[in-house]
Structure formats: structure tokens, C-alpha cells
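Read the numbers this way: they start at 1 and go in the same order the structure lists the ligands and their atoms. Because the structure is predicted, anything quoted here is derived from the model rather than measured.
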Amino acid sequence: MNIKYYLKNLKDRIDKSLDEYLPSEKAYPKAIHWAMRYSVFSGGKRMRPILAIESCKVCKGRLKDVLPAACAIELIHTYSLIHDDLPAMDDDDYRRGKPTSHKVFGEANAILAGDALLALAFNIIAKEANGRRGLEVIRELSEAIGTRGMVGGQIVDLEFKNKKLDKKTLNYINRFKTSRLFEASTKIGAIAAQSSKKEKAALAKFGTYLGIAFQIVDDIIDEEGYAKIFGMGKARRESKRLIEKAKGLLNIFGSRSTTLKEIADYVLTRTR
Ligand code: GRG
């Protein structure tokens with residue numbers, strides 16, 4: 001099957017579940033549910049849940065074992081974008097070509113929509129993921145988005161706003177602000193499939209390299225970060241090197257890894 005068609009179908013499946021998990025716009029208090037839905041359904045690529053699902057599949061796991069956690073990851077990603085856009089952080093008026101949450105609903109409601117998405121994410125995992133596996137997913141995800149993960153990367157990014165970035169700090173920001181959630185996504189796929197230690201480790205590393213490459217490509221698109229500091233040529237070479245390294249880690253899965261490798265290649269060629 002054509003990879004674009006395949007990913008479109010998978011995205012539709014994820015969207016259907018997200019729709020089921022999110023409270024209805026008609027449910028009281030309507031304002032918060034409307035704000036949550038506005039940002040979740042504003043055109044995200046669903047990269048992280050797709051990676052979680054494909055990582056589970058490569059370990060011979062079933063879609064139903066990973067779908068709740070995959071949706072939870074997307075809700076957390078959405079919360080991070082809403083908060084990142086706030087005046088106190090990046091102060092952005094548009095996200096995915098649409099007005100940002102605080103522009104539509106006001107700052108207080110945008111903050112609360114992010115908070116509520118974060119809470120809902122862990123509620124979904126607690127309700128749907130079973131036993132030890134569920135606890136392992138919660139542990140991985142909470143570590144990935146805390147001070148030694150996404151929040152850690154974000155605070156260093158804010159600290160260096162309008163300051164000259166050195167290579168070490170830039171690597172730290174890319175690793176923790178962006179790549180750590182990719183790593184959690186691929187690892188959670190393996191956890192959901194009750195995979196071996198070796199397979200979990202390979203998928204976690206795959207997610208790390210893919211996530212850093214994803215951020216460098218983002219910088220190439222926006223002419224920022226890595227691309228601004230090291231130039232477009234080096235940024236392209238580095239993202240390509242990381243993708244090759246990432247794909248190499250999947251060789252232990254043999255021909256089952258074709259889709260994940262195609263997704264990794266897509267990261268290099270994406271334009272948004
Ligand atoms: C507020 C705790 C906190 C963290 C914010 C995610 C983030 C950290 C900041 C957003 C700004 C940014 C450029 C982050 C790098 C990660 C990234 C490239 C996010 C965009 O991800 P995509 O392209 O988004 O997957 P879509 O729109 O497809 O969902």
C-alpha cells in the first residue's frame with residue numbers, strides 16, 4: 001500500500017479515537033471542552049501517535065493495545081503547543097495557519113485547556129491500559145514530559161531566547177524539548193506490545209534520533225535553530241545522518257520495519 005494513503009487511514013483512525021475520548025462540546029462547562037477540541041482538531045500531523053502505533057506493530061503488538069496511549073501522547077503534544085504559544089512563552093498568534101488558543105478563547109481558558117488535556121491524557125491511560133504495562137507507560141510518559149524531558153527543554157529554550165546559543169545548549173534543547181516525546185512514543189509502542197528489553201531499547205533510540213532529526217528539519221523549514229547556526233547544508237546533512245542511524249536500529253526487526261523506515265524517510269522530506 002502507498003505510504004501516504006496508509007498514514008492518512010491511520011490518522012483517521014487516531015482522530016476517531018480522539019473524538020471519542022474528548023468530552024463533547026455540548027458537555028458542561030462547554031467553554032473548556034470547546035477550547036480542548038479546537039486545538040486537538042486543528043490539523044496536526046499525528047506523528048507521535050503514528051510512531052507509537054507502528055512501534056507496537058513492529059513488535060507484533062495489536063492496535064487496540066496501544067491506541068489509548070497513542071491518543072494520550074497526542075493530547076499531551078497539543079497541551080504543549082497551546083502553552084508554548086501563550087504570551088508568556090513564544091507569544092504566537094497563529095498555529096497551523098489558525099489563530100492560537102489564547103487568541104480565540106483568552107489566556108485563562110487556553111491555560112486551562114492545556115491543563116485539562118494533560119489530565120485527560122493520564123486518565124485515558126489509567127482507564128484503558130492494563131496492569132503493569134499501564135504503569136510502565138505512565139512512568140515513561142511522565143518522565144518524558146517533566147523537568148528531565150519536555151519541560152526541561154522548554155525552560156532552557158526560554159532562558160536562551162534572544163541569547164547566542166552554543167552547540168551544547170542547542171543539542172540539549174532539541175533532545176529534550178522535541179526528541180524526548182518522540183522517544184517516549186516509540187518506546188511506549190514497544191511497552192504496549194510487551195516487547196523484549198532489546199526491542200524496547202532499539203525503538204527508544206530510534207525515537208531519539210528521529211526526534212532530533214525532526215527538529216532539525218523543522219529548523220530548516222523555519223530557517224531557525226540548527227539551520228541558522230550551522231547553515232542549511234550542514235543541517236540537511238546532519239538530519240540525513242540521524243535518519244540513517246535511526247533506520248539502522250530497526251534492522252533487528254527485519255522486513256517488519258518497512259513502514260517505520262518509510263516514516264523516518266518522510267521526516268526528511270516533509271515541508272510542514
Ligand atoms: C509548554 C511544556 C511546554 C513545552 C512546549 C512542543 C513545545 C514544547 C514547543 C512547541 C514549539 C516547537 C517548535 C517545538 C518543537 C517540537 C515541534 C517541532 C513541534 C511541532 O510538532 P509537529 O510538527 O506539530 O508534529 P503538528 O502541528 O503536526 O501537531
A.B. asks: Is any side-chain heavy atom of Met150 closer than 4.5 Å to a side-chain heavy atom of Arg180?
C.D. replies: no
A.B. asks: Can you label the angle between the Tyr226 ring and the Phe230 ring as parallel, tilted or perpendicular, going by 30° and 60°?
C.D. replies: tilted
A.B. asks: For residues 101-114, please give each side-chain donor-acceptor pair under 3.5 Å, one per line with the distance, not counting sequence neighbours.
C.D. replies:
unit_1, atom_1, unit_2, atom_2, d
His102, NE2, Asp92, O, 3.4

A.B. asks: Assess whether a salt bridge exists between Glu74 and Arg46, defined as any Lys/Arg side-chain N lying under 4.0 Å from an Asp/Glu carboxylate O.
C.D. replies: yes
A.B. asks: For ligand 1, find each of its N or O atoms that sits under 3.5 Å from a protein N or O atom, and tabulate the pairs with distances to one decimal place.
C.D. replies:
unit_1, atom_1, unit_2, atom_2, d
ligand 1, 21 (O), Arg48, NH2, 3.1
ligand 1, 23 (O), Lys45, NZ, 2.6
ligand 1, 24 (O), His77, NE2, 3.4
ligand 1, 25 (O), Arg48, NH1, 2.8
ligand 1, 25 (O), Arg48, NH2, 3.4
ligand 1, 27 (O), Arg96, NE, 2.7
ligand 1, 27 (O), Arg96, NH2, 3.4
ligand 1, 28 (O), Lys45, N, 2.8
ligand 1, 28 (O), Lys45, NZ, 2.8
ligand 1, 29 (O), His77, NE2, 2.8
ligand 1, 29 (O), Arg96, NH2, 2.8

A.B. asks: Got a list of side-chain donor-acceptor pairs under 3.5 Å for residues 152-159, not counting sequence neighbours?
C.D. replies:
unit_1, atom_1, unit_2, atom_2, d
Gln154, NE2, Asp84, OD1, 2.8
Asp157, OD2, Lys177, NZ, 2.8

A.B. asks: Return the set of residues passing ring pair (Phe, Tyr, Trp, His ring centres under 6.0 Å) with Tyr209 (not counting sequence neighbours), or none when no residue passes.
C.D. replies: none
